[in-house]
Structures are given as C-alpha cells and as structure tokens.
Amino acid sequence: MTGLSSSSVFPLLTAACAAIFAAMKSKTPYAYIPGPTPSTVVGYLLDLHSPDALPWHFNMPEEYGHVARLKGGLVGADALYITDPAALNAILIRQQAWFPESTEFAGYVNVRSILFPVLFGISDGVASVQGLEHKKQRKYMDALFTANRVSKLTPIFYQVAHQLEDKLKATVCESPGKVVDMLDYLTRATLEIIGTAGIGHTFNSFDDKSEAFDEFHGAITSVLPLASRLFLVLPFLESWRKMRPVWLRRTLAYVETLPWPSARKFRAAVDAMHPVYVDLYKARQQVLEEGGSAALADTAAGGKDLITSMIQANWDADEAHKMSEDTVLANMGSIVHGGQETTSSSLARFLTIIAENQNLQKRLREELREAKAKKAAGEDLDYNDLEKLPLLDAVVREMLRIYSPVTFVWRQTTKDVVVPLTYPIRSTINDEETKELLIQQGTAVYLGMSAANRSTAIWGNDAAEFKPERWLNRTQGESKLPRAYSGMMTFLSGAKVCPGKTFALLEMKLVLAVLLLSFSFEPISAPIDWRMGITLEPRVRGRENEGISSSSSFSSVTLH
C-alpha cells in the first residue's frame, strides 16, 4: 500500500478539522440570531470585557436587536446578549430560579468576598447566594434599607458632606483657580459615609495624615481593578473555596499567589480590609453580650449604622433564622464595597455633566436655594425636602439611566427555559420572526443594563441623549423594562435588585446639594473619557496611563 506523504496528510487533516468544526458550529441553537462578529478567533469575551467596549454595548440593540448572539469562537460556546423587556422580566423575576449568577459573576460580586472565602473561609454574602439562603439574608438586608430607616441616617450623611465642604473650601481659598481632583474628594466622602452610616466606623477620610484611610482606601480602590485581572481564574477560586480544612486552603492560597503580582496585591488588599470588619463585628458582639441592645446607643453613630442594626437583628433572631458570623462579615463587605465603588463614580459623572452645562448647573442651584430659603437659618434640607426637588431628581434619574455605573451582569442557565419576547427576533437564515426564545441549559446570558437603558425602541429616538426633561414630562409607566427604579435597569430588578438603592439616591442628592450651594464647577480643557471596568472609570484623554487618579478634575472650583 502506498503511504501518505506529509504534504498530503496535512491538507486532509485540515479539511477534516474544518469539517468537524463546521458541523459543530452548524448545530448551535442560536445560529439564526443576529449578532456581532468577534474581533478575535477566541470569541466574544475580549470584546465584551474590553475597557473600550462601551460603544459595543450601547449599540447592541440598535444593530442586532434586543436578543443578540455572541459567538463563542474556536473553543467557546455561544452566549446571548439580552435587552428585551419581556425576556429580562422572565430572567430576573418570573423564572429567576433557572438563571443564577454564573460562576464568574459570583466571583466578581464576592470580591466583596472573592478571596475572603479562599483565604479566610467566609461564607457568601447576599449578592451571590441563591434560594432559601438568599431569602434569609435578603430579609435582613431589606430591613436595613427601607426609606424610613435610611431617612434617619440623613444627619450622619450631612456630617460627612460638610467635612467635604470644609476641606474643599480650604483648598479653594488656599489656591484660587487650582485644578481640583474631585474624584479623590468624592471617593473620600463616599468611603466616610458608608463607613460611618454603613458600619459605624470612621476612616478619618479628610485627614491627610490618616493611616486608617490610606490603608483601607488603597485596598478598596484597588481590589476591583485587580479582580478584573483575575477574571479567568474566578471559576477556579469558586472551586478552591470548598477545600477543607480551611487552614490548609489558606496556606496553599498564599503559596500559589506568590509568583502572580495581581494575586499578591489582591491578597494584600484583602488582608487590609478583613481585620477592620472582624474587629467591628467583635466589638458590637461584646457590647450586646455585656449591655444588651440598649448599650448599642453608646457606640459610633449611636448604633444607628446599618451593620449594627443587622448585628442586633441577628442577635435577637431565633436560632433557625440567625446568620453565621462569616455571613455577617461577608455582608459587611458587600455594604462597604457596594456603597462606595459605584456612588463615587456616579457623583464624579454628575459633576462632569454640570461642569460642561453651566445653564443646568445654574438651574439646579436656584432650585436648591429656593428650598433652602424655606428652612431656618443653618438648617439643612432633610430627606423629604430633597425628595421634593423635581429638577435634582430628574437629573439624577437621567444620569443613572444613560450612565449606569455597571454596564452588564451575567447569568448561567441551569435548564432549558422558554422566555417571551417584546421584540421578535428576525432570523438571519430564513427571515422569519420568532416571538419567544428557547434558552438551552448551560447558556451564558448577558443582561445589557446600559444597552437596555439606551434602547431607542424603549426610550425613543433621543434615548442616547442626556435629557433630564424626560423625567419632568413622562410617567414611569411608559417604560417596558422591569420597574425596580423608574423602569430602568440600573439597579436591576426582582430578587437581586440592589438593596442599597434608597441609600445611594439619598447620598447622591445630599452630597450634590451641599456642593452646589457652596461651589460652582467648570471643566478642565482636556476631555474626560469613561472606560469600562467592573464599574465605569474616568480617564483624562491623553493621560490614560495615569489611571483614574486626577481623572475627574475641574479647572475651577469657585466658592459661592
């Protein structure tokens, strides 16, 4: 028999591989759904997670419809990118049990616990648990963030806001016309607010010599960017965390991170934050043991901070409904990270907007002054006063709609599920319309929060424009999206809706009110671009290598 030469074998192997690959790809259940062509052979992941991917996300429903196929490339499976209102309602509310967070997303939200469980054996917090455990933890969390409870935190918010005001006044008076790094000031303020009102702890954030602030601030601001670099190993970490005994897992984790700079820095950030939570928890427990619930009034923030309320409620609960110490610590981390990372970014975005729109800034200041004139001398606007300011409310809503701090979240389908569609899919194969979608088990589903917030089909032809007036003239009922907050997806919806929504809204309105009554803002000459991380991050164009530090600056902060 005549042997095959290498020159004849290689073409045959290539053809065979191509045929097998073509056969595999032809069997994808989503071949009929339109979607973007990946920029690389490895599929959609690099496009989805690129720091420059905001236009890619924003344009998804306009270019491909409200359900798009994300091609998996040579080795990955296809995924779905969904912005369809009916499908989102099914995934987040009606059929949420079949759409838990993916392993990777669980890792992200648990940066609030990602290496905490690996290194310390801590349980998951409310952001990532499912089923009955989620319901139990969510009951505690929801009780903390009612409007009535949050409104009582207003005096604590003002204490920090006025510290910010005083610090900024000192800077402006010392160097009039100086470019001010407002993101740094806002980060200090949001960390101090969530510290005092959230966990009853001050970081002395406005003290330039505060070691507590420097250490914790450095950790909390680095942990999320570092988590982005650990993306590919998140499933491994989720498996690693099940290793027993805990001491062995922690020892191996320290050894494994030694050759990896990002992992070492991540571990150092965890080591900086974890003792703060443990010390606070043990201090509150000791107060309860020695003096009962009444003694909490003598602790920081008068015992009114969120985590002290949670610890007290957990202390009073019967054994069947108590959370473990590890679970309380995980939720303490969730409160701090959730309350700091997105709010400072949103406040910086707000100041960018009004610095570039002096007329809007003037109108907001006039509205605030009119409300302030009705109060006694030296008296601040309270929770209800701030809620009744229509223009401030409209601007905050529009900013959160068009500039959602989180661009997307993702889910992993655990069984075959059929979801309805508001906007039918037009097949790329035969041009037929599909009015419901079969999502097969194991499919990664990406929920485009920002893209849904900007869909012209949902919000009108001016969806991509920043127009606060739309909230002065339209009703919430006009939006087709699940209605956790004004029919937008910024805070998600259903059981996984952001529990701190009311806290965040009060914080933004209150800080903005204090700043606008005392200062005016103008932009720097260089444009500010916003890049996608786990949350949005500002960069001064041409100075991207400097990172987010000094990136939300203003050329002139003027006293009023």
| query | Is a side-chain donor-acceptor pair under 3.5 Å present for H162 with D380? | reply | yes
Hey, does the side chain of [X] reach the backbone of [Y] with a donor-acceptor pair shorter than 3.5 angstrom?
X	Y	result
S345	T342	no
N331	S334	no
K304	A297	no
N89	P482	no
T187	L183	yes
E192	F206	no
D166	Q163	no
D318	H321	yes
R188	S205	yes
E367	L391	yes

| message | For E289, I'd like to know if atom CD has over 12 heavy atoms of other residues, nucleotides or ligands within 6.0 Å. | response | yes
| request: Report, as yes or no, whether the 6.0 Å neighbourhood of atom NZ on K375 holds more than 12 heavy atoms from other residues, nucleotides or ligands. | output: yes
Are any non-hydrogen side-chain atoms of [X] and [Y] less than 4.5 angstrom apart?
X	Y	answer
L400	M508	yes
L516	F350	yes
L153	I193	no
L88	S493	no
F519	K169	yes
D305	I156	no
I335	L144	yes

Euclidean distance, [Y] [atom2] relative to [X] [atom1], rounded to 0.5 Å:
X	Y	atom1	atom2	answer
L517	R369	CG	CZ	7.0 Å
E215	S210	CD	OG	10.0 Å
H201	L191	NE2	CG	8.5 Å
Y158	T154	OH	OG1	7.5 Å
I199	I194	CD1	CD1	8.0 Å
T343	L505	OG1	CG	9.0 Å

Which heavy atom in [X] sits nearest to a heavy atom in [Y], and how many Å separate them?
X	Y	answer
K322	W315	NZ-O, 2.8 Å
S309	R149	OG-NH1, 3.1 Å
F213	F203	CB-O, 3.2 Å

May I ask you to say whether [X] pairs ionically with [Y], meaning some side-chain N is under 4.0 Å from a carboxylate O?
X	Y	value
D208	K167	yes
E387	K509	yes
E370	K374	no
E366	R363	no

| T502: what forms a side chain to side chain contact (heavy atoms under 4.5 Å, CB included) with it, not counting sequence neighbours? | A147, V150, Y383
| query | Taking only residues two or more places apart in sequence, or in another chain, which ones meet A90 in a side chain to side chain contact (heavy atoms under 4.5 Å, CB included)? | reply | R94, Q95, V419, P420
| field | CA sep, side-chain torsions, deciding dist, call: T196, Q159, side chain to side chain contact (heavy atoms under 4.5 Å, CB included) | value | CA-CA 10 Å; T196 53; Q159 288 176 11; over 6 Å; no
| query | Given V276 and L280, is the side chain to side chain contact (heavy atoms under 4.5 Å, CB included) satisfied, shown in steps? | reply | CA-CA 6 Å; V276 174; L280 286 170; 4.0 Å; yes
| request: May I ask you to decide if the ring planes of F145 and F503 are parallel, tilted or perpendicular, using 30° and 60° as cut-offs? | output: perpendicular
| query | Can L92 and M489 be said to form a side chain to side chain contact (heavy atoms under 4.5 Å, CB included), step by step? | reply | CA-CA 11 Å; L92 292 171; M489 292 301 299; 3.4 Å; yes
